Amino acid sequence: MPELPEVETIREFLVEDILGKTIKNIEIKVPKQFVGDPKKIIGQKIVAVNRKGKIISFKLKNNYYLSCHLKLTGQLIFAKKQNLVFKNKIPFNKTKMLPGNTTRIILSFTDNSLLYFNDLRKFGWMKVAKKPELPKGVDVISKDFSVRYLTDVIESAKKPIKLLLMDQDKIAGIGNIYANDALFLARIHPMKKSNSLTNNEVKNLYKKILYVIKEGLKYNGTSDEAYVLPDATIGKYQDHFKVYGREKLPCIRCNTPIKRVKHSGRSYFYCPKCQPIRI
DNA sequence: CGATTCCCCTGATAGC
DNA sequence: TGCTATCAGGGGAATC
């Protein structure tokens, strides 16, 4: 599921691929996934490729923005021309060519290159508006995300710390993978009440959050499901998971089997020995 | 208001 | 083999 490292990796690739290009046409195959007036983007040059949290926004020459959220299974894949055969299999698509069975929206540019928005589960969206769609929270890799800010947010919340880390209205960019892994490295139980963390725990957690996000970026994100880079290659952070996705596998630190519990419809992964609920 | 559940969707998987 | 029920999950809406 695309979180900050995945979306930032996509953004960096798209700066190379489509920044400065002019949109020739848009084909919307699933109308519910596109919000706004598609005519507003036709003939417009892309003058910036931005990101905040998990949302990517293309700024257009006419000052409109095309924003995109990939949710669980969204993909943004670039092709220099039609009928391009990709070297890699595209997850959840039957062939190595696009458009595929999960292609929902297609942008074409005046140089005949294309950007495909694929999304198996149809939860993602694109939106055209005069302003970019922005999460309220502070972006994790912006300079506004400080120990001070994290402390303020944590001290004023009672909910489980993992839920807080994933709250996009507070901190933008962290999802289930990096929240679970950061808490493991910080040796904090994911269900621990936010306002029960000590100052040292918060400081340490801050470091571990930045560490796992940087690890995610270093490996071009996590491709354990649908996520691929815009060139259809895969990220590799899944080979470096700390606890996420490791239910019943030995803890990388103490060999204790990793536990997985469900709460509020989401999975919590943790090592019962390294992350005791009481400290 | 805070906490929890439902819902959107479809491929993978388990159960019979 | 083949059909059916269950599950995963970001985030907004509905409900408790």
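The basis for the numbers below is simple: all heavy atoms, side chains too, and nothing from hydrogens, waters or symmetry mates. Note that the structure is predicted; figures quoted are calculated from it, not measured. Throughout, a chain's letter reflects where its sequence line sits, starting with A, and its residues are numbered from 1.
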Practice task
Extract, from 5' to 3' on DNA chain C, the first and final nucleotides lying under 4.0 angstrom from some heavy atom of chain A.
Solution key: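 Answer, 5' to 3': dA8(C) to dG11(C).
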
Remember a base hit wins even if backbone is also touched, and classify [X] as base, sugar-phosphate or nothing at under 4.0 Å, heavy atoms.
{"X": "S267(A)", "value": "sugar-phosphate"}
{"X": "N176(A)", "value": "sugar-phosphate"}
{"X": "K262(A)", "value": "sugar-phosphate"}

Handout entry: Helix axis bend for the helix from dG2(B)-dC16(C) to dC16(B)-dG2(C) - C1'-based end axes, five pairs, 10° rounding
Key =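 Inter-axis angle at the ends, rounded: 60°.
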
Practice task
Taking ring-ring contact (aromatic ring centres under 6.0 Å, His included) as the test, write out the residues that go with Y227(A), two or more places apart.
Solution key: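 None.
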
Handout entry: For Y219(A), ring-ring contact (aromatic ring centres under 6.0 Å, His included) partners two or more places apart
Key =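 Expected list: H240(A).
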
Handout entry: Residues in contact with DNA chain C, drawn from residues 165-175 of chain A - heavy-atom cutoff 4.0 Å
Key =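 When residues 165-175 of chain A is checked for heavy atoms under 4.0 Å from DNA chain C, the hits, listed by number, are M166(A), Q168(A).
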
Practice task
Return the residues of residues 215-237 of chain A meeting this criterion: a heavy atom under 4.0 Å from some atom of DNA chain C. Order them by number, or give none.
Solution key: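 Those residues whose heavy atoms fall under 4.0 Å from DNA chain C, taken from residues 215-237 of chain A, amount to none.
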
Problem - Lys/Arg cation over aromatic F184(A): R253(A), 6.0 Å, 45° cone - result: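 Judged by the rule (NZ or CZ under 6.0 Å from the ring centre, within 45° of its axis), R253(A) counts as positioned above F184(A).
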
Handout entry: Separation of atom CD in Q75(A) from atom C1' in dT10(B), rounded to whole Å
Key =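 It works out to 14 Å between those atoms.
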
Could you tell me if [Y] and [X] have a donor-acceptor pair between their side chains, going purely by distance under 3.5 Å?
{"X": "N118(A)", "Y": "T103(A)", "result": "yes"}
{"X": "K24(A)", "Y": "N112(A)", "result": "yes"}
{"X": "N204(A)", "Y": "N200(A)", "result": "no"}
{"X": "T73(A)", "Y": "R121(A)", "result": "no"}
{"X": "Q33(A)", "Y": "D119(A)", "result": "yes"}

Handout entry: Residue pairs, two or more places apart or on separate chains, that pass salt bridge (Lys or Arg N to Asp or Glu O under 4.0 Å) and touch residues 98-111 of chain A
Key =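 Qualifying pairs: K21(A)-D111(A).
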
Exercise for the section: May I ask you to say whether D37(A) pairs ionically with K40(A), meaning some side-chain N is under 4.0 Å from a carboxylate O? Expected result: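 Judged by the 4.0 Å cut-off on N to carboxylate O distance, D37(A) and K40(A) do form a salt bridge.
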
Handout entry: Ionic contact status for E201(A) with K203(A), cut-off 4.0 Å
Key =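 The answer is no: the pair does not qualify as a salt bridge.
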
Give me the distances for all protein-to-nucleotides 3-9 of chain B N/O pairs that come in under 3.5 Å?
{"from": "dC9(B)", "atom 1": "O4'", "to": "R121(A)", "atom 2": "O", "distance (Å)": "3.2"}

Handout entry: side-chain contact (heavy atoms from CB on, under 4.5 Å) against A179(A), all qualifying residues, sequence neighbours excluded
Key =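 Partners of A179(A) under the side-chain contact (heavy atoms from CB on, under 4.5 Å) test: K162(A), L165(A), M166(A), I174(A).
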
Listing, residues 65-72 of chain A side-chain donor-acceptor contacts under 3.5 Å, not counting sequence neighbours, or none:
{"from": "S67(A)", "atom 1": "OG", "to": "S57(A)", "atom 2": "OG", "distance (Å)": "3.0"}
{"from": "S67(A)", "atom 1": "OG", "to": "E133(A)", "atom 2": "N", "distance (Å)": "3.0"}
{"from": "H69(A)", "atom 1": "ND1", "to": "K71(A)", "atom 2": "N", "distance (Å)": "2.9"}

Exercise for the section: Kindly state each residue pair satisfying ring-ring contact (aromatic ring centres under 6.0 Å, His included) with at least one member in residues 126-149 of chain A, sequence neighbours excluded. Expected result: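 For residues 126-149 of chain A, and leaving out neighbouring residues, the ring-ring contact (aromatic ring centres under 6.0 Å, His included) pairs sorted by first residue read F145(A)-Y206(A).
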
Scan the side chains in residues 5-18 of chain A for donor-acceptor partners under 3.5 Å anywhere in the protein, sequence neighbours excluded, and list what turns up.
{"from": "E6(A)", "atom 1": "OE1", "to": "E3(A)", "atom 2": "N", "distance (Å)": "2.7"}
{"from": "E6(A)", "atom 1": "OE2", "to": "Y178(A)", "atom 2": "OH", "distance (Å)": "2.7"}
{"from": "E6(A)", "atom 1": "OE2", "to": "T222(A)", "atom 2": "N", "distance (Å)": "2.8"}
{"from": "E6(A)", "atom 1": "OE2", "to": "T222(A)", "atom 2": "OG1", "distance (Å)": "3.3"}
{"from": "E8(A)", "atom 1": "OE1", "to": "R11(A)", "atom 2": "NE", "distance (Å)": "3.1"}
{"from": "E8(A)", "atom 1": "OE1", "to": "R51(A)", "atom 2": "NE", "distance (Å)": "2.8"}
{"from": "E8(A)", "atom 1": "OE2", "to": "R11(A)", "atom 2": "NE", "distance (Å)": "3.4"}
{"from": "E8(A)", "atom 1": "OE2", "to": "R11(A)", "atom 2": "NH2", "distance (Å)": "3.1"}
{"from": "T9(A)", "atom 1": "OG1", "to": "P5(A)", "atom 2": "O", "distance (Å)": "2.6"}
{"from": "R11(A)", "atom 1": "NH1", "to": "V49(A)", "atom 2": "O", "distance (Å)": "3.1"}

